[in-house]
**Student:** 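Have a look at the structure that comes next, please.
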Amino acid sequence: MTAQEAQWLNQIIAGEDLHVLFQPIVDANQKAIYGYEALIRGPKTSPLHSPLRLFDVATQAGLLVELDILCRRMAIQRFAELELPGLLFLNVMPLTIVERDFREGLTLGFIRDSGLPPERVVIELTEHVPIHDYELMRQAVAHYRDMGFQVALDDLGAGHSSLRHWSELRPDFVKLDRHFISGIDQEPAKREFLRSILDVARSLDCQLIAEGVETAAEHLCLWELDRGLALLQGFYFSRPSQQPPLQLDMVLPAASQLKCSAGRTARSIVRTIDAVASDCSVPFVLERFRQHPHLHCVAVVDNVKPLGVVRRSAFLTLFANPYSHALYAKRCVLDVTDTRMLMADADTPLETLSQQLTDSRDIEQEDFVIVTAEGDYLGMGNIVDLLREITAIQVRQARHANPLTGLPGNILINETLTDYLAAEVGFAAAYIDLDNFKAFNDAYGYARGDHVIISLSRLLQAQAESAGGFIGHIGGDDFMMLLPLAHWEGVCQQILRSFELMAPGFYEERDRQQSGIHIENRQGDVSFFPFVSVSIAVKPITDTQHCRALDISSQLSDLKHQAKKIPGNSLFVERRGCCVGPESHR
């Protein structure tokens, strides 16, 4: 700590010269912002702009508690002023809790002054010094919970004994250090570690938050890894900002039509079963169950709006004793209706419906109600039909998937392309191919070559999913993407930038230093081949009525050769039936 830094610190605290930023925490399942972490920056013109340096100097100057309390008060005030939705994750030093806040109730006072309820505040314990008195810390955490706050543990896997903190303090949330998220799509060891941590979190009834999500590939990997990991945070969604977004402006994998269901919806499994009116009698329903022994469940409606269901097993149990008929003879069906039912929109994708059934643990799941977009009764669905349909789709897709990447193969690509054309909505078709890949295979072998293809496929899948598009694997190192017209250019440019950064990592150090490899052919001549790169040929399609799937595939194959003439990572676009020239990434 220099004398100038000490002076700056005193001026910052005295003048409350701090900037409060907020970074969203995303709920991937709900496709919404779950809350915001409040972050602090010093004045931009000072040497203490960085929060790390700011708090390090405060620690050395003995002013950590004062600075921490000031940051907390300003963050609460600003969160309330901006009227941000969801929870406020408030960074708090454990030292502050045990020294002042535990005794004086400072945070609760700040909350009351702002008008926020304590239930919307999460105390996020952030370490700068180790915890020595766990008994006192447990008392402080219990004190916060008694006031209505929730508690989070920051940076699991970093800092001082964070696993012990988890065990001793039993927080409501644990934030996983960004080290374990960075590059998780390419590091199996990190994925296995995260699976283990998820098991621990479930056993302790604790929610895990993945910090440091920066790429679409990381996001997709976390989504595929486990549906239990729903809370995510990182630059991929939004950078810290003084005016953070109030809602997401991107399509999450949870929101896209998941490929498992292949576009099939609840409408495909609806059973046309007549509902009963809400004013009909119990004997009427009893007689219907007797006449139809295979009828398991009946919906009860009022002007075609479902109110509940009558389930056969529970209903017939009511008539187990000889007095039941007299007891229910004049009663209305509403008296025996179960209002706890699952209702599904007919246009709900089958995979989404399956997830809803899995999540509704307190409701009998065998039968459910299917309604129109307006909420009118359409029919009944049965879980056996749902599982049969999903299984048939999965078997068919597995049969036609590329064995290396698991992505849809040529048959499914052509079918999907045909579906896009039939929808009569414009889209962009893109052909992706690797350059200098054969030379890489010759130098490093097919196993390393397969690793390059798999890495590219994950990148393409993440980008296609994030835009709500489709990705298929034609074969070898060739892929096809179908993307919305509004997003195709940004997606393609991101692919080119990302692969340019990835490519050197496929090579050994000696080849990285020379930016490529030297290959000797059968005649003994040596040629130099630069790093593998990506060529993308794109055909935007606005007139879907006069296009055929096979014609588009053929035209893209021709365009690919134009793209490959451009050195390095490149994009070649054909617009309105004619080539307007190359658009190189470089």
**Student:** Would you name the heavy atoms of Asn402 and Gly475 that are closest together and state the gap between them?
**Tutor:** ND2-CA, 4.2 Å
**Student:** Strictly by modelled atom types, are Gln461 and Arg458 linked by a side-chain donor-acceptor pair under 3.5 Å?
**Tutor:** no
**Student:** Looking at CG of Leu483 and CH2 of Trp488, how far apart are the two atoms once the value is rounded to the nearest 0.5 Å?
**Tutor:** 9.5 Å
**Student:** At their closest point, which heavy atom of Val538 faces which heavy atom of Leu559, and how far apart are they?
**Tutor:** O-CD1, 4.1 Å
**Student:** Phe440 and Phe529: aromatic ring centres closer than 6.0 Å?
**Tutor:** no
**Student:** Go through it in stages, so that I can follow the logic: the residues are Ser466 and His219, the test is side-chain contact (heavy atoms from CB on, under 4.5 Å), and I'd like the CA-CA distance, side-chain angles, deciding distance and then a yes or no.
**Tutor:** CA-CA 9 Å; Ser466 68; His219 180 210; 5.8 Å; no
**Student:** Would you check if the side chain of Ser354 reaches a backbone N or O of Leu350 as a donor-acceptor pair within less than 3.5 Å?
**Tutor:** no
**Student:** For Ile383, does its backbone N or O pair with a side-chain atom of Glu366 as donor and acceptor, under 3.5 Å?
**Tutor:** no
**Student:** Using ring centroids (six-membered ring only for Trp), state whether Phe506 and Tyr444 fall under 6.0 Å.
**Tutor:** no
**Student:** Can you name the nearest heavy-atom pair linking Ile184 to Arg191, along with the distance?
**Tutor:** O-NH1, 2.7 Å
**Student:** Between Thr542 and Gly426 (side chain of the first, backbone of the second, donor and acceptor by atom type, cut-off under 3.5 Å), is there such a pair?
**Tutor:** no
**Student:** Taking the side chain as C-beta and beyond, is there a heavy-atom pair between Arg178 and Glu214 under 4.5 Å?
**Tutor:** yes
**Student:** Partners of Tyr36 by ring-ring contact (aromatic ring centres under 6.0 Å, His included), sequence neighbours excluded?
**Tutor:** none
**Student:** For the pair Glu389 and Ser268, evaluate side-chain contact (heavy atoms from CB on, under 4.5 Å) and give the outcome as yes or no after the intermediate values.
**Tutor:** CA-CA 9 Å; Glu389 188 76 8; Ser268 65; 4.3 Å; yes
**Student:** How many angstroms lie between atom CD1 of Ile413 and atom CD1 of Ile471, to the nearest 0.5 angstrom?
**Tutor:** 7.5 Å
**Student:** Do Ser557 side-chain atoms and Ser553 backbone N/O form a donor-acceptor pair below 3.5 Å?
**Tutor:** no
**Student:** Any heavy-atom pair between the side chains of Arg41 and Pro51 that's under 4.5 Å?
**Tutor:** yes
**Student:** With side-chain contact (heavy atoms from CB on, under 4.5 Å) as the criterion, how do Leu204 and Arg170 come out once you've worked through the C-alpha distance, each side chain's angles and the decisive distance to 0.1 Å?
**Tutor:** CA-CA 7 Å; Leu204 295 178; Arg170 297 296 179 93; 3.7 Å; yes
**Student:** Determine the minimum heavy-atom distance between Gln23 and Ser238, stating which atoms define it.
**Tutor:** NE2-O, 3.0 Å
**Student:** At what distance, to the nearest 0.5 angstrom, does CD1 of Ile432 lie from CG of Leu456?
**Tutor:** 7.5 Å
**Student:** Please give me the minimum heavy-atom distance between Met480 and Leu556, naming the atom from each residue.
**Tutor:** CE-CD1, 3.6 Å
**Student:** Strictly below 4.0 Å, N to O, side chains only: are Asp442 and Lys438 in salt-bridge contact?
**Tutor:** yes
**Student:** Taking Lys564 for the side chain and Leu434 for the main chain, is one N or O donor matched with an acceptor at less than 3.5 Å?
**Tutor:** yes
**Student:** List the steps and the verdict of side-chain contact (heavy atoms from CB on, under 4.5 Å) for Glu415 and Leu412.
**Tutor:** CA-CA 5 Å; Glu415 288 182 358; Leu412 296 176; 3.8 Å; yes
**Student:** For a side-chain hydrogen bond (donor to acceptor under 3.5 Å, both in side chains) with Ser533, tell me which candidate from Asp435, Asn569, Asp433 qualifies.
**Tutor:** Asp435
**Student:** Hey, could you give me the NE2/OH distance between His561 and Tyr431, rounded to the nearest 0.5 Å?
**Tutor:** 7.5 Å
**Student:** Could you check if a side-chain atom of Gln233 sits within less than 4.5 angstrom of a side-chain atom of Lys175, using non-hydrogen atoms only?
**Tutor:** yes
**Student:** Rounded to the nearest 0.5 Å, what's the gap from CD on Glu218 to CZ on Phe235? Could you check?
**Tutor:** 12.0 Å
**Student:** Give the minimum heavy-atom separation between Leu39 and Pro240, together with the two atoms involved.
**Tutor:** CD1-CG, 3.6 Å
**Student:** Under a 3.5 Å distance rule, please check whether Asp172 uses its side chain to pair with a backbone N or O of Gln207 as donor and acceptor.
**Tutor:** no
**Student:** Regarding Gln513 and Glu509, do their side chains bring together a donor and an acceptor under 3.5 Å, going by distance alone?
**Tutor:** yes
**Student:** Do Leu169 and Val151 have side-chain heavy atoms sitting under 4.5 Å apart?
**Tutor:** no
**Student:** In the structure I gave you, are the side-chain heavy atoms of Pro171 and Leu125 within less than 4.5 Å of one another anywhere?
**Tutor:** no
**Student:** What is the distance from atom OH of Tyr507 to atom CZ of Arg448, rounded to the nearest 0.5 Å?
**Tutor:** 10.0 Å
**Student:** Does Ile25 reach the side chain of Phe173, with side-chain heavy atoms less than 4.5 Å apart?
**Tutor:** no
